[in-house]
Structure formats: C-alpha cells, structure tokens
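Following: one structure in structure tokens, then a few remarks.
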Amino acid sequence: MIVRCTCRNAKLILTSVPSERLYPHLSSLAFVPKCDPASTEDVTRLKEFVDKHERLCVLTGAGISTESGIPDYRSAEVGLYARSTHKPMLYKEFCNSETARRRYWARNYIGWPRFSSLKPNITHEILKHSEHVGKVGCIVTQNVDNLHSKAGSKEVIELHGTAFRVMCLTCDHKICRYELQRTFQKLNPSMIATAQMIRPDGDVDVSQAQVEGFNVPACDNCGGILKPDIVFFGDNVPHDTVQNVKANIESLDALLILGTSLSTFSAYRVVLQARDAKKPIAIVNIGETRADKSVDLRIKGRCGDVLPKIWQLNASKEKS
C-alpha cells in the first residue's frame, strides 16, 4: 500500500492506495545493494524527525535513482565500479581531447533513448507530494537524470546540472538534449546499436569503429564545443548554485539526506553548510556515509522502503 497526500494545517495527511495504481513504473531493484529493511524503531525515529521540523531541505543522491533502474558508481556489488573498470569522463579530458569528446557523445547517443525514458519511483513521488503540501521547501539533487522534475517537483536545485540540457563551452548557448539527439541522428544515419549496461551518466559501450565514425556537431550559434550541462569529475559546482543551496538551508528548518554516501565534496559541503547554520540533519542510506558520525539521526535502509512507511504511520495516526 502507498498513499495519497492532502493538505490539512500544512501537515502531510495520507490515505492508503495500492502502490501499483499510483506508481505503475516502480522499477526493479537490480542496481540496489542488498540490505535489510529498516527497523520499526528507526522508521519511527525518522518520522519524529520529519514531523518535528516544519519545512525540510532534502539532499538526494544516486541511491534514490537506482530504484528507477539507473546504476550508481560506488554501491557494493551492483555499482559501476564493482561491475567494470570504466571511469567517468573527466572535465579536462573532455575539454582537451576531440577523441574523448567523440567517444563520449557516441556512447551517450546510444544510451540516451533508454536513459531519457526512465521514470520516477516512489521516493521521487513522495518528495513531490511533500513539496506540494509544504513539508519540503527545497530539493538539492546530485543526480543529473531529471527524475525529480519528471515527478513534478518544482523547487529543485541540480547541484551537478542536468543531462537533459547541452551547453556550448565558448558562448554558453544552451539547447535541449532531445534536439541534439535529432541532430546526431541526421549526422549518423548508419549508427545503429542497442544499449547494454547503462552507466550513471547515461552512456553505454560501443565499438571503437563506431566511435571513430561518429560525427559530432559544433555549436550552431558560434561553432564552439558542445558539452552536456553537467559538472564532470574535476569540474566545480557554479558559485551561484553553492550560494543558492546555502540560502535554502539557512531559511529552512532541517536537512534530510537521502541515498548518498556524500563521497564528493560538493555533496559533503551541503552538510557543512547545514552544520554552520546549526540545522538538524538526518540521513537515510544503505551504506556508510561521510557524515555518519556527525549528524543527529542515521537510518540504514532503502529510501523506497523507508519513506512509504513514514507516510503510512502518519495515515495510521490520523485514523486513530
């Protein structure tokens, strides 16, 4: 069972509805590490944390998108690093090497139809409803998959950008990734391949011959280099984004962290900002995180398992 949300005195009130009716696209858990269900005591403690703080800033990571069928990098046994020797594209490599850019875009072109078609899961939907009733004031996401926006969330800060937008490195002209896909199709009519093991950033393996023959367009505004509007490894999060996150943390009542190990400094910095602002912090994640020993509440579990239980507890309390 899952829940519908209504607003009553700015609190989340829920009614039981079968999850298969509300969320027909709930995905398999092929990329989710094995874990035991969170204990009733832990779920209750997290519910108390959520209820105690009027408006939350939520930080999300790859651990919520794995339940939509997108693998992460670091999860034990099922993460990309555990399944292959592939390393993500570095910013300097992309900027400095035409060969690296051609390889990246060829792989991304093949992986895009599947990556772009993936659907939000129950965690995205609950956060969307929580925003609607005023419980969630802002979602800061490390993910570039656009799933929060697909679910309907409006107050989203994309910490690492989005794979659904493309920018020019010279003039900063931006286009929709779907538009670039149509251009790729025109320039590479004989490029036919099927996506096998999708990666966190949406690309897949293709042959060297396919890479060498792949045509990559230049910016139609200035002739510059086109790059996905995401923060590659080795790049920096824009200063305006960092300040926007900081302002939201300071204006909201607590920080709830979902599905991230906080391994990257850009994510851990959000924790530091919350500490500086003296905001309570809670974490829900399957594996260990960088901030486990310095937060107010730490719950081990799968977000798609834990969050629905909190809302069901709210519904039970309302009925009683």
Side-chain angles (χ1 to χ4, degrees), residues 25 27 31 58-73 80 88-89 91 94 101 103-121 123-125 127-128 131 138-188 191 195 198-204 214 216-221 224-233 235-238 240-241 244-245 259-260 264 266-267:
H25 301 295
S27 299
F31 298 119
V58 179
L59 172 63
T60 66
I64 71 166
S65 292
T66 53
E67 297 186 46
S68 286
I70 300 175
D72 65 3
Y73 285 107
L80 181 65
M89 177 67 70
Y91 177 71
F94 186 92
R101 292 194 295 274
R103 182 176 67 248
Y104 177 89
W105 280 123
R107 292 172 170 178
N108 189 271
Y109 168 68
I110 297 301
W112 177 254
R114 179 181 173 188
F115 181 79
S116 62
S117 69
L118 294 171
K119 306 295 184 182
N121 60 58
T123 299
H124 299 100
E125 299 288 352
L127 291 177
K128 182 272 299 287
E131 177 188 279
C138 175
I139 298 171
V140 181
T141 185
Q142 301 171 70
N143 303 329
V144 301
D145 52 38
N146 212 37
L147 292 181
H148 285 298
S149 296
K150 284 184 178 182
S153 292
K154 304 299 182 185
E155 303 300 325
V156 180
I157 299 175
E158 293 168 324
L159 195 63
H160 296 153
T162 174
F164 284 70
R165 189 170 56 242
V166 179
M167 63 177 288
C168 174
L169 287 174
T170 301
C171 69
D172 205 31
H173 176 62
K174 291 181 171 62
I175 62 172
C176 174
R177 177 62 183 81
Y178 289 106
E179 180 182 337
L180 182 60
Q181 188 74 359
R182 291 190 290 269
T183 301
F184 279 143
Q185 290 171 339
K186 293 177 182 178
L187 294 176
N188 302 279
M191 179 71 158
I198 194 170
R199 296 182 178 127
D201 53 2
D203 67 344
V204 295
F214 191 73
V216 179
C219 172
D220 59 10
N221 185 57
I225 294 171
L226 294 178
K227 170 187 171 293
D229 197 4
I230 61 178
V231 178
F232 281 157
F233 283 79
D235 196 3
N236 296 314
V237 175
D240 289 349
T241 301
N244 191 11
V245 173
T260 173
T264 64
S266 57

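The shown structure was predicted, so the numbers you read here are calculated from the model rather than taken from an experiment.
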Shortest non-hydrogen contact from [X] toward [Y]:
X    : Y    : value
L180 : P217 : CD1-CG, 3.7 Å
T170 : I225 : OG1-N, 4.3 Å
M167 : D229 : SD-OD1, 3.4 Å
V231 : P238 : CG2-CD, 4.3 Å
W105 : V216 : CD1-CG1, 3.7 Å
C219 : C171 : SG-SG, 3.8 Å

Quick one: are [X] and [Y] in side-chain contact, heavy atoms under 4.5 Å?
X    : Y    : answer
I64  : T141 : no
F233 : Y91  : no
V140 : V58  : no
W112 : I110 : no
R101 : L226 : no

Kindly write out the residues that satisfy side-chain contact (heavy atoms from CB on, under 4.5 Å) with [X], not counting sequence neighbours, or none if the list is empty.
X    : value
T162 : N146, E158, F164, R165
S153 : K128, E131, I139, H148, V156
Q185 : Y109, Q181, R182
N236 : none

For the residue pair F214 and F184, does the interplanar ring angle fall in the parallel (under 30°), tilted (30 to 60°) or perpendicular (over 60°) class?
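Tilted, since the angle between the ring planes falls between 30° and 60°.
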Side chain of D145, backbone of L147: donor and acceptor closer than 3.5 Å?
yes
If only atom types and distance count, is the side chain of S117 paired as donor or acceptor with the main-chain N or O of R114 below 3.5 Å?
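Here the side-chain-to-backbone pair exists.
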Hey, could you give me the [atom1]/[atom2] distance between [X] and [Y], rounded to the nearest 0.5 Å?
X    : Y    : atom1 : atom2 : value
E125 : K150 : CD    : NZ    : 12.0 Å
C168 : I175 : SG    : CD1   : 9.5 Å
N108 : M89  : CG    : CE    : 10.0 Å

Among all residues two or more places apart in sequence or in another chain, which pass the side chain to side chain donor-acceptor pair (under 3.5 Å) test with S266?
H160, T264
Go through the structure and list residues passing salt bridge (Lys or Arg N to Asp or Glu O under 4.0 Å) with D172, not counting sequence neighbours.
K174
Under 6.0 Å from the six-membered ring centre of Y104 and within 45° of its axis: does the NZ or CZ of K227 meet both?
no
Decide yes or no on side chain to side chain contact (heavy atoms under 4.5 Å, CB included) for L118 and S116, but give the supporting numbers first.
CA-CA 6 Å; L118 294 171; S116 62; over 6 Å; no
